[in-house]
Structures are given as C-alpha cells and as structure tokens.
**Student:** 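Shown below is the structure under consideration.
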Amino acid sequence: MKIERREFLKLAGLSAIFGLGGTAIAASVQQTPSYIPDPKELTGKRWALVINMDKFKTDADVKRVIEVCHTKHNVPNIPNPKQEVKWIFTEMMENVFPEQQDKYLTEHYKHMPFLTLCNHCANPPCVRVCPTQATFKRKSDGIVMMDMHRCIGCRFCMAGCPYGARSLNWIDPRPYLDPKKINPEFPTRMKGVVEKCTLCYELIAVGKIPACAEASNGAIVFGDLEDPKSEVRKVLAETYTIRRKPELGTRPSVYYVIGGMKDAGKGA
Amino acid sequence: MLERALNGGKLYWTWIGFLLAVFGVGFLFYLQQWNVGLGITGMSRDVSWGFYISQFTFLVGIAASGVMVVLPFYLHDYKAFGRITILGEFLAIPAVIMCVTFIVVDLGQPYRAMNVIFHPSPSSILFYDTIVLNGYLLLNLLVGWTCLHAEKKSIAPPKWVKPFIILSIIWAPSIHTVTAFIYAGIPGKHFWLTAVMAARFLASAFASGPALLLILALIVRKFSKFDPGSEAIQTLGKIVTYCMILNVFLLGLELFTAFYSGIPGHMHAWEYLYAGIDGKGVLVPLMWLSAILAAVSISMLVFPQVRKNETLLAIACVCVFFSLWIDKGFGLVVGGFVPNSFEQVTEYWPTLAEFSIAMGVWALGFLILTVLYKVAVSIKEESGGEAIH
C-alpha cells in the first residue's frame, strides 16, 4: 500500500512539473482526512479486567460470557480439542493457578471453573518473540493486539505465552461458524494464523466496554489500571486479588478476586 | 564442476532415484498440508511445535558441527583434516537448507514468510536466526566452492577467502547458540528455561555432527577411490567421544537442578519424558532408547581399542547419532510443551503426513549432500585428496 501511495505521489509530482494540474492533485492528497476517533471512544492508559468468579451465580452465567465473546468475534466451534480456537474459556482453579495446588484448599475454590483469557501483559513475551510484529502492544492503552493479516503462523507466540491464551487456526475455521450467527462487523479468519482475545478494541473504540464484562452482570469489572479513580482500582484497593504467574515478570492486566463473596466463610 | 554429479554408476542412480521418490511422497503430502493447513499434523493448541521444529533444531547442530573439522585444519594446521574439510563444509550446506525448509513447512502461512524481512523485529530471536542461518549457508557455499575449485586446478585457494573461513569458524557456534536462545529465553517453559541450553546444544551438535561425518567418510571410502584417511577418522572419533560425554554431563546437570531443588515445574517435563504422567507417556520408550544408546555409545567410545576398530567405531557413531536425534530431534521440543500452562498433559505424536513431509525434507537434504559429495569426491580422486592452504 505504501509503495502505491509513494508511486502516486511521484506521478503527482511529475504532472505538477509538467503543469498538468498536479498541484491540485497533491493538495487533495494532503487534505485526505486522517483517522478521526469516535468522540465516544473510551480512553485509558492501561486497560484491565478484574474477575470475581464468586459473582457468577450459575455455570450458565459463565457459559453465556464465553458465548457472547465467541459469537461477537466469530470464534469457530471446532469439536477436536487439539485444534480448538478459544479466546475466553474456563479451567479449574488449580489449573489456572497451578502453583496454588494444595489438597487442603477449600473445596469451594478447588474445583471452581475460572475464566481465563489473554492477560494483556504490560511486558508480554508473545510480543517480544513475534518475528513480524504481527502481535504488538498498543502504546496508547496497553492492549496486546493481533494483526492476523501479517501473522505467518510460526507459533513462536504460542510457545512464548505462559498462559495458553493463544490459538492457531490449524484448519480453515469458517466451516465451523454458525452461518446464522456470523457477526458481519468483525472479520472471520483463515487457516494458519494465530488469534486471541483483543480486549474488544472494536467496542472500546465506540465507547462500549468489552463484551465479557458487559455480559457478566458485574462479575467482570473493566477499567483503566492507571486511573486511581477507575472502578478496577477501587476493587483492587478493597479486595484481595491475585494474578496468574506474576513471578514471570509479564505483569498481567487481568486480576482475580479471591474470597470476594461477602459471606464466603458462611457459605463454604 | 556440477556436471560431475551426472557421472555415476547404477548404484548411484538408484540412490538418487530413491531420494527423489521419498522427496516426491513428502511433496505430495505437503500439497495436502498447503490445502488443509497444519491440522493434518499431530500438533495441537497445547503442543504447538512438533516434529518439524525438532528436526530444524537438530539439523542446526549438524550444520554448526562442520566447524569441528574446519577449525583444526585452518587454525591449527592439522593436516589430517585437510582431506575432509570439504566434506564438513558440504555437510553444512544441505543441513542449513534442511533447517530453512523445515521452518517453511512449519509455517501456517508459508507465502507470508518474507514478512520476517519486510517487518524486521530485532526483539525476536527468529530475526537473528534468519540472519545467522542464511549467512552461514552463504559462507559455506563460498568457502567450500572456492577451495574445491582451487583444488581442481591444483593451486592454493585465493587469499581473499581466508577471512571468510575465519568468519565461518566464528559463525558456526553462533547459529546453534541463537537456536538455543529460541527456547532458553521463554518465561514459563521451565524445561527450556536453562542457562546451559546453548552449551548443551553445542555439545550435542559437536557429537552428532562429527558422528555423521565419520559415517559419511567411511561410506565415501567404501564407494569411491578417495580415502579420507584413518587418522582423520580416528580424530573425529575422539571428538565424538569427548563431546558426547560432555553432552551427557550437561544433561546430568539439568537433572540435578530439577530434582534436587524439587521444584515441581522443573521436574514435570522430565517426569513426562522418562516416566509418563497420569498414565500418559507416549515418548517414554523413545527417551529410554535414547538413554540406552547414549550409554552404549559412551561405553564403547571411551576405549581406544574399540575406537581403533572402524566397524565398532561406526556402530558407536550410529548410536550417538540416533541417541541425540531422539533427544534433541524429538524430546527436547515436545517436552517443553508437556505439561501445558495449565499443568495438563496433552500428548503429541506425528501423523503419517507429517512424518512423510519431514522425510521428504531429509531426502532433499541427502540429495543435495549426494550431489555435493559426488562433485567433491570426483575432484579428490583426481587430485589425490590433499587440500592446500
């Protein structure tokens, strides 16, 4: 694209020299409007999520969150678990936090399914290892993005991610989309590229919060980690939270509330 | 000089035909992979690198090991290696070509491979790997071809080639160090996150590469009038012995750190590879075969009397080669992914298609090797085999 534009400018320059009205063309090129963000766009320096699994009343509530995300982003439903593509999914607490494994851990948490997704790390190893910058951290708000048109499918990022958050399209994903539910607003993918949660950047751009937080009835809180007045900071100040594998220095932006249920002691 | 590869007997052409057939089968399966995607392999969301990347890793070592004959000859004027330096250089060329081919067949979007050049990313180890591998290929082509051309004319190689030879000597360890860094710099993969990874890579490379070279030298002697010389073969045998012992020593260091510290994450991959976890252990027999082959080879190689018997030496070298091929060309990569980041075990085994594609790449490599060796050996047969420098 860049080359084409450069060629065009060269042509415009040449025609200007020959007095063929090139100046007018060049002027119109300069006037090409640049991207104007939606005035409703949410702005933050480092977006984060705080997940409180205790606030999910039933398994159906958890499933709904996954369903909403996967439908909105045209994530295929591939039955073979080895070739699954998933952006947000559940694993037992002892698998999400393997270093916390303890046979005496309260049953309430031990086998509780925990939602897990891309942690949008402040120091993301996937970005570091990517040989084409197809995955990159957005400077403005810290979202770890995916350019699926640039990805060569080398899967270095999948090896690099310590959270199992990334999926390769081992096969063409399109036959595994429900034709009735395809979201025309979001691109579908082709085989051979890696994908993952991109924190609903497309919703943030029009002033909406990520779909999982929206569908969670308050169990997932979204906000700017660097804004002391944000809702996530309020939760972090008031409750005990943990992050996945913080010892690796990745600085995840997804927090989990532990013991957040006011009457957890009585209930469990 | 290449036309010399067209002069061969029935056995030569049968071998070429065989390699072409294996390559053809691999190519057909690759067309299937091109159409369907990497889904035709045994790889998965959890074990996202498999046989292709393991072969790549192993072959970088083979490529780097050429330095083990080039260095003594050029830096220490060790004349016995003068007869086989070209065999070392001409082994490195197909090895690097196989490496690059394995990377390409492993890509989900192979026709976007040039994105690595268009969007260079100096933070990625693959960026450096691209540079060092291609650089090493060019260096070996340049040096090998120029020196052989000089030998054909019975003159000393031109002076300008010497700096390139020195550069290739420094360059060789770098290709395997960078390849080790692909693994050793990843947080959260305890099996790979080890400072001795590059050292282990080099030790195993300098055992498996010379072992293969020694076998190739014996084959050359059997099928041509060119004799690589028994002194060169004996010295290669010593190199294999020391490097294999060093490799097993480094492996022992890994085991000590993992099991004496008792840190679960550090032990899990070893437990999976050598014992299996939760009844899952498809690699266990293979890993033990590797361990047994290593033990057998070392217990043969340490005795000079055994090494002096070229048949026994060849058998020991075959053991070394396959032991390390299993260890590095299979276990090392898969072990890093098992258990996965959720401490669950997803097993990996290559599919027929995947295996055939890999064998196709090997056949391509051996085809190039055969042609290069044929050219080199036919010139050696005329010149008497002594390289001048």
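Note that the structure is a prediction, hence the values are computed from the model and not measured. In what follows, every chain begins at residue 1, and chains take the letters A, B, ... in the order their sequences are listed. These numbers come from the heavy atoms of this one structure, side chains and all, not from hydrogens, waters or symmetry mates.
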**Student:** Would you mind telling me which of B:Ala113, B:Pro187, B:Pro122, B:Gly188 has the largest number of heavy-atom pairs within less than 4.5 Å of chain A?
**Tutor:**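 Most heavy-atom pairs within the cutoff with chain A belong to B:Pro187.
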**Student:** Working to the nearest 0.5 angstrom, can you tell me the gap between A:Lys191 NZ and B:Gln109 CD?
**Tutor:**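 Taking NZ in A:Lys191 and CD in B:Gln109, the distance rounds to 7.0 Å.
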**Student:** Of all the heavy-atom pairs spanning A:Cys154 and B:Trp49, show the shortest one and how long it is.
**Tutor:**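 It is O-NE1, 2.9 Å.
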**Student:** Looking at A:Phe89, I'd like to know if its CZ atom is crowded, meaning that more than 12 non-hydrogen atoms belonging to other residues, nucleotides or ligands lie closer than 6.0 Å.
**Tutor:**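 Yes.
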**Student:** Among residues at least two apart in sequence or on other chains, which ones pass salt bridge (charged side-chain N to carboxylate O under 4.0 Å, His left out) with A:Arg138?
**Tutor:**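 If we apply the salt bridge (charged side-chain N to carboxylate O under 4.0 Å, His left out) test to A:Arg138, skipping adjacent residues, the hits are A:Asp141.
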**Student:** List in chain and number order the residues that pass side-chain contact (heavy atoms from CB on, under 4.5 Å) with A:Asn123, two or more places apart in sequence or in another chain; answer none if no residue qualifies.
**Tutor:**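 A:Asn123 satisfies side-chain contact (heavy atoms from CB on, under 4.5 Å) with A:Arg128, A:Arg251 once adjacent residues are dropped.
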**Student:** Test B:Gln344 against A:Glu91 for side chain to side chain donor-acceptor pair (under 3.5 Å), laying out the working first.
**Tutor:** CA-CA 10 Å; B:Gln344 298 148 333; A:Glu91 294 289 349; 2.7 Å; yes
**Student:** Count the heavy atoms of every other residue, nucleotide or ligand shown that sit under 6.0 Å from CZ of B:Phe355, and state whether that count exceeds 12.
**Tutor:**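 No, the 6.0 Å shell around CZ holds no more than 12 heavy atoms from other groups.
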**Student:** Side-chain contact, heavy-atom cut-off 4.5 Å: B:Ile186 with A:Phe156?
**Tutor:**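 In short, these two side chains touch, coming nearer than 4.5 Å.
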**Student:** Donor-acceptor pair, distance only, cut-off 3.5 Å: does the side chain of B:Arg45 make one with the backbone of A:Met158?
**Tutor:**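 Checking the backbone N and O of A:Met158 against the side chain of B:Arg45, no donor-acceptor pair under 3.5 Å is found.
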**Student:** Kindly check if the number of other-residue, nucleotide or ligand heavy atoms within 6.0 Å of OH (A:Tyr35) is above 12?
**Tutor:**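 Yes.
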**Student:** Return yes if some donor-acceptor pair links the side-chain N/O of A:Lys245 with the main-chain N/O of B:Ser341 below 3.5 Å, else return no.
**Tutor:**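 Between the backbone of B:Ser341 and the side chain of A:Lys245 there is a qualifying donor-acceptor contact (under 3.5 Å).
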**Student:** For chain A, find which of B:Ile40, B:Ile182, B:Asn340 contributes the most heavy-atom pairs closer than 4.5 angstrom.
**Tutor:**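 Highest number of pairs under 4.5 Å: B:Ile182.
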**Student:** Would you give the length of the straight line joining atom CG of A:Leu248 to atom CG of B:Leu193, rounded to the nearest 0.5 angstrom?
**Tutor:**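 CG of B:Leu193 is found 8.5 Å from CG of A:Leu248.
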**Student:** For the atom pair CD (A:Gln133) and OG (B:Ser123), what is the distance rounded to the nearest 0.5 Å?
**Tutor:**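 Nearest 0.5 Å value for the CD-OG distance: 7.0 Å.
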**Student:** How about residues 74-85 of chain A versus chain B: which residues have heavy atoms under 4.5 Å apart?
**Tutor:**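 Result: A:Lys82, A:Gln83, A:Glu84.
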**Student:** Quick one: of B:Met43, B:His119, B:Glu343, who has the most non-hydrogen atom pairs under 4.5 Å with chain A?
**Tutor:**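 Sorted descending by pairs with chain A, the first entry is B:His119.
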**Student:** Pick one of side chain, backbone, both or neither for A:Val127, based on which atoms fall under 4.5 Å of a heavy atom in chain B.
**Tutor:**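 Contact with chain B involves the backbone of A:Val127 alone.
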**Student:** Give a yes or no on whether B:Phe342 atom CZ has more than 12 heavy-atom contacts from other residues, nucleotides or ligands under 6.0 Å away.
**Tutor:**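 For B:Phe342, atom CZ is crowded (more than 12 foreign heavy atoms under 6.0 Å).
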**Student:** Please look at B:Asp106 and chain A and tell me whether the side chain, the backbone, both or neither of the residue comes under 4.5 angstrom of a heavy atom of that chain.
**Tutor:**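 Contact with chain A involves both backbone and side-chain atoms of B:Asp106.
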**Student:** Is A:Ala165 in contact with chain B via its backbone, its side chain, both, or neither, using a 4.5 Å heavy-atom distance?
**Tutor:**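 Backbone of A:Ala165 only, per the 4.5 Å heavy-atom cut-off to chain B.
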**Student:** Please look at A:Cys130 and chain B and tell me whether the side chain, the backbone, both or neither of the residue comes under 4.5 angstrom of a heavy atom of that chain.
**Tutor:**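 Backbone only.
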**Student:** Quick one: which of A:Gly160, A:Cys161, A:Ala134 has the most heavy-atom pairs under 4.5 Å with chain B, could you say?
**Tutor:**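 Top count of heavy-atom pairs under 4.5 Å with chain B: A:Gly160.
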**Student:** I need the contact set between residues 168-178 of chain A and chain B: heavy-atom distance under 4.5 Å, sorted by residue number.
**Tutor:**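 Counting heavy atoms that sit under 4.5 Å from chain B, the residues of residues 168-178 of chain A involved are A:Leu168, A:Trp170, A:Ile171, A:Asp172.
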**Student:** Between chain A and each of B:Ser121, B:Gly42, B:Gly185, B:Pro120, count heavy-atom pairs under 4.5 Å; write down the option with the most.
**Tutor:**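 Between B:Ser121, B:Gly42, B:Gly185, B:Pro120, the count favours B:Ser121.
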**Student:** Please look at B:Tyr111 and chain A and tell me whether the side chain, the backbone, both or neither of the residue comes under 4.5 angstrom of a heavy atom of that chain.
**Tutor:**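 When you check distances to chain A, only side chain atoms of B:Tyr111 fall under 4.5 Å.
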**Student:** Quick check on A:Arg244 against chain B: is it the side chain, the backbone, both or neither that has a heavy atom closer than 4.5 Å?
**Tutor:**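 Just the side chain, heavy atoms under 4.5 Å.
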**Student:** Taking the side chain as every heavy atom from C-beta outward, state whether A:Thr132 and B:Arg112 have any pair of such atoms under 4.5 Å apart.
**Tutor:**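 The answer is no; the side chains never approach within 4.5 Å.
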**Student:** Which one wins on heavy-atom pair count under 4.5 Å against chain A: B:Ile53, B:Val116, B:Thr130, B:Thr346?
**Tutor:**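 Answer, by heavy-atom pair count under 4.5 Å with chain A: B:Val116.
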